[in-house]
Protein chains: 2
Amino acid sequence: MDKAQDGHPEGYRVLTHDDIPAYIAGVPAIVAQLGGGPADWTVRDVADGNLNAVYLVDGPAGGVCVKQALPYVRVHHDWPLAVERALFEHAYMVRLDPFVGRGAPQLYHFDPTLFTIVMEKLEPHIILRKGLIEGRHLPKAAPDTATFIANATFNTSDLAAPFERKFEDIAHFARNQALLRITMDLVLTDPYREVWRNRYVRPHMEGWAASFRSDIELKTAVARHRIGFLTNTQALIHGDLHSGSVMVTEDDTRVIDGEFASYGPIGLDTGAFIANLIMSWYAHGAYDRPEADRRAYRDWILEQIAIFWATFRDRFLTLWENATEAGDAYPADYFTDTAGKARLATIRRDYLDGIFADTVAFAALKMNRRIIGYAQIADYLVIEDLERRARAQAPALALARALLTRPERFADIAAILDAIPRFERAGLDPDAARHL
Amino acid sequence: MDKAQDGHPEGYRVLTHDDIPAYIAGVPAIVAQLGGGPADWTVRDVADGNLNAVYLVDGPAGGVCVKQALPYVRVHHDWPLAVERALFEHAYMVRLDPFVGRGAPQLYHFDPTLFTIVMEKLEPHIILRKGLIEGRHLPKAAPDTATFIANATFNTSDLAAPFERKFEDIAHFARNQALLRITMDLVLTDPYREVWRNRYVRPHMEGWAASFRSDIELKTAVARHRIGFLTNTQALIHGDLHSGSVMVTEDDTRVIDGEFASYGPIGLDTGAFIANLIMSWYAHGAYDRPEADRRAYRDWILEQIAIFWATFRDRFLTLWENATEAGDAYPADYFTDTAGKARLATIRRDYLDGIFADTVAFAALKMNRRIIGYAQIADYLVIEDLERRARAQAPALALARALLTRPERFADIAAILDAIPRFERAGLDPDAARHL
Ligand SMILES: Nc1ncnc2c1ncn2[C@@H]1O[C@H](COP(=O)(O)OP(=O)(O)OP(=O)(O)O)[C@@H](O)[C@H]1O
Ligand SMILES: Nc1ncnc2c1ncn2[C@@H]1O[C@H](COP(=O)(O)OP(=O)(O)OP(=O)(O)O)[C@@H](O)[C@H]1O
Ligand SMILES: [Mg+2]
Ligand SMILES: [Mg+2]
């Protein structure tokens, strides 16, 4: 990548809100889609994430979404971040297009100079996290996201195709280093050490943060899964699949924002999604809502976790059972007779159990990072009273610690559903929560 | 890579024996090293492997080794094979140079058009396999190879350096696809299915070959490790580290022929080496040698296996304990207090136990492929009587089956040393060997 004098790639510049119409005018296909000309278009800045600029553009005939990678963290301008991340978000969309159907926004245009993606405008979709905070029942979100992950990961794993294609992809996504470094540091390392970026609720969560830093069992488990992230090229994963990366309506679901894509353990994606449902469950305990509504919504969340896992598992197994082309993991001429077919069924169950074990661990890691680490989530931030917020966070940490250090207690999704309410008794003293 | 009309890269041609002096004359640094001019140089064709052309060139002042990748398998001209493999052999040498010292021949020159490597001429070194067949005591071979593997793999793992460097390498070596396909097919798949390339001793080994094809437990274990090979980017591995890839004298050892290099499980390298010592042990049972010599040499081989593993383990642990820069697996600020340091010692033992488990499995896979698969080894081929040869092979398969399907019986190297003589009772009937 050629770097201009300011350290950005040649020709790169940050587009402002006012630059957008002129920029779009230079892309004929998009002009046709919007209808009219620049003077007829309205531009809305909808960036609410941490990293990038996002605009929605509407014209007489239609609308598009324009996302540009900025050369720094959007919410933290003196934290530089390589704009090349857009290459990987784009590559992720392109690679998955054959498999996920309308599970992601359609890609219209990629600009490798300005690191801009123009894609389908999702409207009236809302970010799932927002829906969860508002207590909305969004029946398709969990099963559709599960289906998306199953489609994406099965088809890019060694179960689906000869390794050559996967290794080509690995060669490409292994270069997504700026964002993988963020996952390494902010998600998988920081919550267990002292570092300026950690932003837990002070002073209330000091006890938990300190206990995590000194918990050798926990850090041993964390390191094991960090190695898993670094060495297990199981499938192409999204890498940041929390409830802020899913846009929904009552009957449509789209996964956005694949800029953290890499080859890694499938459980990182399934775990991220479940983690954010679990944190939503705990956060709801501190929202000012009528008790009956709260109870009903929490039950709905638990149900979504169950549906999410069941849907993922069924879809993954169905894809495997019906695959016409075998990957190198299980060549077509292995396990062909009756006994072999029975064994293959066992192998498939074991494979899914392996993904489940990773799901449990990465769900825990994702909760810890959202509560102790840099990037806090709105589900908790909307709880203004810090003590209340902390008390809604502590159970998630207590559960996460158990998920990581006592995985044998969580062999199936029922065990997790069972544990979520039980761990609510955890408070600000981490030691007192050890018996849960 | 530009392809010329004949399907080879632009400018590529096969060098014959007679082309070598003129070719060398075009590389000034090498000319200086040899002394004199083309007329003063002698060229010896020493290719004894399956794939490439290798020449030794001597001049008045010194000698070099010239290795060219051919566009086909050298021993099988109608089997095309991408010459790009030389890129990876070269990259492997370059990448490991800082870590392995004189554990490999020195690299003098790489020609990316003719896919030729010019390197240090190893003389009077012999190929370790030849030494083993001749019953020579080569005291440095096992410990030096162990040290080489430890140096190479520790330093390219997530234990030694931040992931960015490793991921750059992964991106490069993931393109070594022609040779990884060979490992996938010939090593990890073919011995358990019917395919023209399998070349086991007929009819004597039909029973074993058939039993492998129908052994569901075995194929389940094989598939698990094949997935390990495809998904575990633990470290930069040689990928073909048998006794034909090690050149030795009484006091010097060099690992050659890294063209199969990739990021993979470390146990594939340690397992390959041990597998070839085990097969040598069994083969010696069928050599015409005085019984006392044979017994002494077999004891020496068992001792080398023990020394190999102990040396690898110690060296790897020593590198880890003394590493000045921590990799992302265990950041420097984790496990710093007394309890943490004690835990780190446990973590290190567990990590080495993990490598050992892979070593056991890949040793088994490597034996199976040399006995049932395409590429047979001289250790067995020198046994002219086919029945005798088969009877010296059956124990290796019986042991391999146990290593793969009953790994819990082989928790340490002592268990393997113990099993090797015990499995010698295995004969041509695979069922009769099940109780061993
Ligand atoms: N295709 C789209 N259609 C409509 N709105 C979108 C679309 N893509 C993104 N948005 C809006 O822009 C916001 C930010 O998008 P996105 O999450 O991709 O950005 P980001 O900066 O990468 O966020 P993060 O900090 O999570 O990495 C979303 O929350 C959503 O509201
Ligand atoms: N640096 C060297 N100095 C002296 N002889 C060498 C050197 N490198 C290779 N040789 C000789 O050439 C032979 C073939 O080398 P090598 O194993 O690298 O070739 P190959 O065709 O890749 O073999 P394989 O079939 O194992 O892949 C060796 O067995 C050895 O005898
Ligand atoms: Mg993002
Ligand atoms: Mg070779």
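Just so you know, these numbers use all the heavy atoms, side chains as well, and skip hydrogens, waters and symmetry mates. Order of the sequence lines fixes the chain letters, A, B, ..., with proteins taken first and strands second; residue numbering starts at 1 for each chain.
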Interface residue of largest heavy-atom contact number with chain A, from B:S214, B:G340, B:A339, B:P331, under 4.5 Å: B:P331
Residue that, paired with A:F167, satisfies side chain to side chain contact (heavy atoms under 4.5 Å, CB included) out of B:Q177, B:R175, B:R181: B:Q177
Heavy-atom proximity to chain B below 4.5 Å, by part of A:I216: both
From CA spacing to verdict: side chain to side chain contact (heavy atoms under 4.5 Å, CB included), B:I170, A:Y263: CA-CA 11 Å; B:I170 287 176; A:Y263 270 77; over 6 Å; no
Selection from B:P265, B:A174, B:S157 maximising heavy-atom pairs under 4.5 Å formed with chain A: B:A174
B:P162 portion near chain A, given a 4.5 angstrom heavy-atom threshold: both
A:T189 backbone acceptor or donor facing B:Y334 side chain under 3.5 Å: yes
Proximal component of B:L180, with respect to chain A [non-hydrogen, under 4.5 Å]: both
Distance in Å, A:T336 OG1 paired with B:R193 CZ, rounded so as to fall on 0.5 Å steps: 12.0 Å
Part of A:D328 within contact of chain B (heavy atom distance under 4.5 Å): both
Chain B contact via A:Y192 - which portion, at a heavy-atom distance below 4.5 Å: both
Contact class of B:E194 relative to chain A, heavy atoms under 4.5 angstrom: neither
Selection from B:A171, B:G327, B:S262 maximising heavy-atom pairs under 4.5 Å formed with chain A: B:A171
Residues of residues 228-238 of chain B with any heavy atom under 4.5 Å of a heavy atom in chain A: B:L230, B:T231, B:N232, B:T233, B:Q234
Main-chain N/O of A:T220 paired to B:R343 side chain as donor or acceptor, under 3.5 Å: no
